[in-house]
Amino acid sequence: MAMLLIPAIDLMDGKCVRLLQGRAGTETVYSDDPVSTAKRWEGEGARMLHVVDLDGAFEGRPVNFDAVCAIVEAVSIPVEFGGGIRDEATLGAVLATPLRRAILGTKACEAAFLRAAVAEHGDRIAVGIDARDGLVTVKGWQEFTALDAPAFARHVEALGVRTVIFTDVAADGTLEGPRTASLEAVLRAVSCDVIASGGVGSLDDIRLLQRYERDGLAGLIIGKALYTGDITLREALEVAG
C-alpha cells in the first residue's frame with residue numbers, strides 16, 4: 001500500500017491554524033470551520049486525519065475537544081488526536097469516542113503511564129516525539145528534556161508502542177523541506193511504524209520521503225502546504241501512488 005498521507009488539522013480557539021516551528025503567537029488562521037475542512041480533505045481522498053488541539057498542548061488539557069468530536073462525527077475516515085492528554089481520565093474520555101487513536105506526547109515521558117496506557121488500549125496509543133536539535137520537547141514544544149529522540153523512540157517501542165509520530169520542530173510550518181537526518185536517526189532506532197511530520201512544502205519533498213518507506217516510514221503528515229496551496233492533496237496522493 002502507498003505511504004499514508006495524512007492532512008493535519010491544528011485547532012486553536014476553535015479555528016484551523018498553523019504555527020511556525022511550534023511557537024505560540026505565530027499562528028495563521030486558515031479556517032474558522034474545522035468540520036468543513038475535515039470534510040474537504042476526506043472529499044479529496046484522505047484516508048486519515050491528524051487533529052491536534054494546540055490550546056490543549058499549551059494548557060495541559062483538551063480545550064477544543066467539542067470541535068474534535070464534531071470532526072469525528074462528520075467524516076467516515078479514521079481520525080487521530082493529540083494535545084493535552086495528560087491524565088488517565090482524559091485518555092479514557094478521548095478513547096471512549098470513535099477516534100482511531102490518541103497521541104501522547106508530554107505524558108509519554110512517564111514510563112509507568114505509557115506502559116499502562118498501551119496495556120489497556122493497545123495500538124490506539126501513538127507517541128508523538130517532537131524534537132529540536134535531537135532533543136525531545138514537551139508541554140506544547142515549550143520545554144526541552146534531556147531525552148535523545150532516537151533513544152526515546154526505542155524506549156517507547158520497548159513499552160509496546162506501535163506507532164511513533166516524529167516531528168522535527170525546527171522544520172514545522174516552514175515549507176522548507178523535512179529534516180531527513182533527524183528522521184533517519186529515528187527510523188534506524190525502531191522497527192515500529194514511524195509517521196513523519198514537519199517541513200513538507202512541495203511534491204518533491206514527498207518524493208524524497210518515499211525513499212524511506214523501506215526503512216519503516218509508514219506515513220507523512222502534511223499541514224501548511226495544503227492550506228497555502230503550495231500543493232494539493234490530490235497531487236500529493238498521486239505522487240504517493
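Quick caveat: nothing in here was measured; it's all calculated off a predicted structure. Heavy atoms only: backbone and side chains are in, while hydrogens, waters and symmetry mates are out.
- From Leu135, atom CG reaches atom CD1 of Ile129 across 12.5 Å, with rounding to the nearest 0.5 Å.
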>> Between Val161 and Glu157, does the side-chain contact (heavy atoms from CB on, under 4.5 Å) criterion hold? Intermediate values first, please.
In response: CA-CA 5 Å; Val161 172; Glu157 181 180 38; 5.6 Å; no
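- Both Ile77 and Val35 belong to a common hydrophobic cluster when Ile, Leu, Val, Met, Phe, Trp and Tyr are linked at side-chain heavy-atom distances under 4.5 angstrom.
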> Does the pair Arg211 and Leu208 meet the rule for a side-chain contact (heavy atoms from CB on, under 4.5 Å), with working shown?
Replying inline: CA-CA 6 Å; Arg211 303 174 190 173; Leu208 172 65; 3.5 Å; yes
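- Looking at heavy atoms from C-beta onward, Ile85 lies out of side-chain contact with Asp53 at the 4.5 angstrom threshold.
- The minimum heavy-atom distance between Asp230 and Gly201, with the atom names listed, is CB-O, 3.7 Å.
- You'll find the side chain of Arg86 stays beyond 4.5 Å of the side chain of Leu104, heavy atoms only.
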>> Does Leu220 form a side-chain contact (heavy atoms from CB on, under 4.5 Å) with Met3? I'd like the steps, not just the answer.
In response: CA-CA 7 Å; Leu220 174 62; Met3 182 171 64; 4.3 Å; yes
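- In the hydrophobic clustering of this structure, Val239 does not group with Leu175; members are Ile, Leu, Val, Met, Phe, Trp, Tyr whose side-chain heavy atoms approach within less than 4.5 Å, directly or through other members.
- Leu91 approaches Ala102 most closely through the heavy-atom pair CD1-CB, 3.7 Å.
- In this structure the side chain of Ile9 reaches within 4.5 angstrom of the side chain of Ile71, judged on heavy atoms.
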> Yes or no on side chain to side chain donor-acceptor pair (under 3.5 Å) for Asp33 and Ser31, after CA distance, side-chain angles and deciding distance?
Replying inline: CA-CA 5 Å; Asp33 189 344; Ser31 171; 5.8 Å; no
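- The minimum heavy-atom distance linking Leu11 with Ala67 is given by the pair CD1-CB, 4.1 Å.
- How far CZ of Arg124 is from CD of Glu80: 12.5 Å, rounded to the nearest 0.5 Å.
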>> Determine whether Val138 and Cys109 satisfy the following criterion, side-chain contact (heavy atoms from CB on, under 4.5 Å), listing intermediate values before the conclusion.
In response: CA-CA 9 Å; Val138 295; Cys109 295; 3.8 Å; yes
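- Here the straight-line distance linking atom CG of Asp10 with atom SG of Cys16 works out to 8.5 Å at 0.5 Å rounding.
- Shown here is Glu184, whose CD atom has more than 12 heavy atoms of other residues, nucleotides or ligands within 6.0 Å.
- In the hydrophobic clustering of ILVMFWY residues, with side-chain heavy atoms under 4.5 Å counting as a link, Leu114 and Leu99 come out together.
- A 6.0 Å sphere centred on CZ of Arg162 holds no more than 12 heavy atoms belonging to other residues, nucleotides or ligands.
- Considering only heavy atoms from C-beta on, Phe152 stays 4.5 Å or farther from Thr145 through its side chain.
- Taking the side chain as every heavy atom from C-beta outward, Met48 and Val79 never approach each other to under 4.5 Å.
- A donor atom on one side chain and an acceptor atom on the other are not found under 3.5 Å apart for Ser202 and Asp204.
- Taking both residues in full, the closest heavy atoms of Cys69 and Thr97 are given as SG-CG2, 4.4 Å, listed atom of the first, atom of the second, then distance.
- Looking only at side-chain heavy atoms (C-beta outward), Leu209 and Pro178 come within less than 4.5 Å of each other.
- How far CD1 of Ile103 is from CD1 of Ile125: 10.0 Å, rounded to the nearest 0.5 Å.
- Shown here are the salt bridge (Lys or Arg N to Asp or Glu O under 4.0 Å) partners of Glu42, two or more places apart in sequence or in another chain: there are none.
- Defined by atom type and a distance below 3.5 Å, a donor-acceptor pair is missing between the side-chain atoms of Thr163 and Asp193.
- Remark: side-chain polar atoms of Glu110 are not paired, donor with acceptor, to backbone N or O of Lys107 under 3.5 angstrom.
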> Going through the distances and angles, do Asp130 and Thr137 end up as a side chain to side chain donor-acceptor pair (under 3.5 Å)?
Replying inline: CA-CA 6 Å; Asp130 306 314; Thr137 63; 5.1 Å; no
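- Residues Ile222 and Ile206 have side chains in contact (heavy-atom distance under 4.5 Å, counting atoms from C-beta outward).
- A heavy-atom distance below 4.5 Å is not found between the side chains of Leu217 and Asp215.
- In this structure, the ring pair (Phe, Tyr, Trp, His ring centres under 6.0 Å) partners of Tyr227, at least two apart in sequence or on a different chain, are Tyr30, Trp41.
- Atom NZ of residue Lys15 and atom CG of residue Leu54 lie 13.5 Å apart, to the nearest 0.5 angstrom.
- Under a hydrophobic clustering in which Ile, Leu, Val, Met, Phe, Trp and Tyr are joined whenever their side-chain heavy atoms come within less than 4.5 Å, directly or via other members, Ile195 and Val127 fall into different clusters.
- Residues Phe58 and Met12 approach most closely at CE1-CE, 3.7 Å, considering heavy atoms.
- For Arg100 and Asp123, the salt-bridge test passes: some basic side-chain N is under 4.0 Å from an acidic carboxylate O.
- With rounding to the nearest 0.5 Å, the separation of CG in Leu4 from NE2 in His50 is 12.0 Å.
- Ile221 and Val194 are not part of a single hydrophobic cluster, where members link through side-chain heavy atoms under 4.5 Å apart.
- Residues Leu5 and Ala240 come closest through the heavy atom pair CD1-CB, 3.7 Å.
- Checked for salt-bridge contact, Arg40 and Glu44 meet the test: a charged N lies under 4.0 Å from a carboxylate O.
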